[in-house]
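Just so we're clear, the structure is a prediction, and the values are computed from it rather than from any experiment.
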Amino acid sequence: NGAKDYDRAVERFRAFGMSVYGTFVFGYDDDTEDSFVQTWRFVQKSKLFFAAFNHLVPFPGTPLYERLGRENRLRYAAWWLSEKYRFGELAFEPKKLTAQQVTDLCFHYRRLFYHPFSVIRRSLDLKANCKNLFMTILFFYQNFASRRDVNLRQQLPLGVDDAEK
């Protein structure tokens, strides 16, 4: 079972005093809201130092970009140049969720992970996250800085507006 393998791997890292940064990508064809819920359960159980809840990005020139283009699922032909595209937004239409649902769910779980209650809960991990004074200071500083960053970056424009062309 893949989930049990991840559980064991994270526990082994923590047993050796190593903090873990988990990054998760959503928007795959089979992803549903339950994909987020299951990931959140794993994240909580694993007491990760950091976590990223990101969406799948179809970079130009990749097989994913080509496939989504063939399937007419790209929301913007050149999303990286579009003045309408915003950070955190899905550039394509997924199969089982809407682009807005994936965007909102990624943002929700980022905010949930860096919520003060989550930070405090994860700080109780004395094996890795807060195993000494240095790690404790680093843990709190990085988590609260990440909380601020999550809120600042969401919906920032990435493309070029007409005045810059």
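In the hydrophobic clustering of this structure, Ile137 does not group with Met18; members are Ile, Leu, Val, Met, Phe, Trp, Tyr whose side-chain heavy atoms approach within less than 4.5 Å, directly or through other members. Side-chain heavy atoms closer than 4.5 Å link hydrophobic residues (I, L, V, M, F, W, Y) into clusters, and following such links, possibly through other members, connects Phe59 to Val25. A single hydrophobic cluster is not seen to contain both Ile120 and Leu112; linkage of ILVMFWY side chains at heavy-atom distances under 4.5 Å, directly or through other members, places them apart.
The two residues Tyr114 and Arg147 come nearest to each other via the heavy atoms O-CD, 3.1 Å. Contact between Pro58 and Tyr65 at its shortest, heavy atoms only, is O-CD1, 3.2 Å. Residues Leu64 and Val57 approach most closely at CD2-O, 3.9 Å, considering heavy atoms. Scanning both residues, Pro94 and Val102, for their nearest heavy atoms gives CG-CG2, 3.9 Å. For the residue pair Glu89 and Tyr76, the shortest heavy atom distance occurs at OE2-OH, 2.6 Å. Ala51 approaches Phe113 most closely through the heavy-atom pair N-CE2, 3.3 Å.
Taking Tyr21 as the reference, Phe50 meet the ring pair (Phe, Tyr, Trp, His ring centres under 6.0 Å) condition, with sequence neighbours excluded. Glu66 pairs by the salt bridge (charged side-chain N to carboxylate O under 4.0 Å, His left out) definition with nothing, not counting sequence neighbours. Annotation: ring pair (Phe, Tyr, Trp, His ring centres under 6.0 Å) contacts of Phe16 (sequence neighbours excluded): none. Among residues two or more places apart in sequence or in another chain, the salt bridge (charged side-chain N to carboxylate O under 4.0 Å, His left out) test is passed with Asp104 by none.
With Phe26 as reference, Phe36 is the one residue of Phe107, Tyr109, Phe36 to meet the ring pair (Phe, Tyr, Trp, His ring centres under 6.0 Å) rule.
With hydrogens and angles ignored, the 3.5 Å screen pairs no side-chain donor or acceptor of Asp34 with any backbone N or O of Val37. A donor-acceptor pair under 3.5 Å is formed between the side chain of Arg86 and the backbone N or O of Glu83. Checked by atom type and distance alone, the side chain of Trp80 never pairs as donor or acceptor with a backbone atom of Pro60 at under 3.5 Å.
For the residue pair Asn129 / Arg14, no side-chain donor-acceptor distance below 3.5 Å is found, with atom types taken as modelled.
With rounding to the nearest 0.5 Å, the separation of NZ in Lys95 from OG1 in Thr32 is 14.5 Å. Interatomic distance, Glu93 CD to Leu90 CG, rounded to the nearest 0.5 Å: 7.5 Å. Distance check: His55 NE2 to Leu105 CG gives 12.5 Å after rounding to the nearest 0.5 Å. Note that CZ of Arg75 and OG of Ser82 are 9.5 Å apart. Values are rounded to the nearest 0.5 Å. Between the OG1 atom of Thr39 and the CG atom of Asp31 there is a distance of 8.0 Å, given to the nearest 0.5 Å. With rounding to the nearest 0.5 Å, the separation of CH2 in Trp40 from NE2 in His108 is 8.0 Å.
In this structure, Lys127 pairs ionically with Glu11, as a charged nitrogen and a carboxylate oxygen lie closer than 4.0 Å. Using a cut-off of 4.0 Å between Lys/Arg side-chain N and Asp/Glu carboxylate O, Arg122 and Asp125 are scored as not salt-bridged.
Aromatic ring orientation, Phe24 versus Phe42: perpendicular (interplanar angle above 60°, classes split at 30° and 60°).
Through side-chain heavy atoms spaced under 4.5 Å, either directly or across other Ile, Leu, Val, Met, Phe, Trp or Tyr residues, Leu126 is tied to no other residue.
Sorted by first then second residue, the ring pair (Phe, Tyr, Trp, His ring centres under 6.0 Å) pairs that include residues 125-145, not counting sequence neighbours, are Phe49-Phe139.
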(request) Go through the steps to decide whether Asp29 and Lys96 satisfy the test salt bridge (Lys or Arg N to Asp or Glu O under 4.0 Å), and finish with yes or no. (result) CA-CA 7 Å; Asp29 288 346; Lys96 295 188 176 180; over 6 Å; no

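Thr136 places none of its side-chain heavy atoms less than 4.5 Å from the side chain of Lys131.
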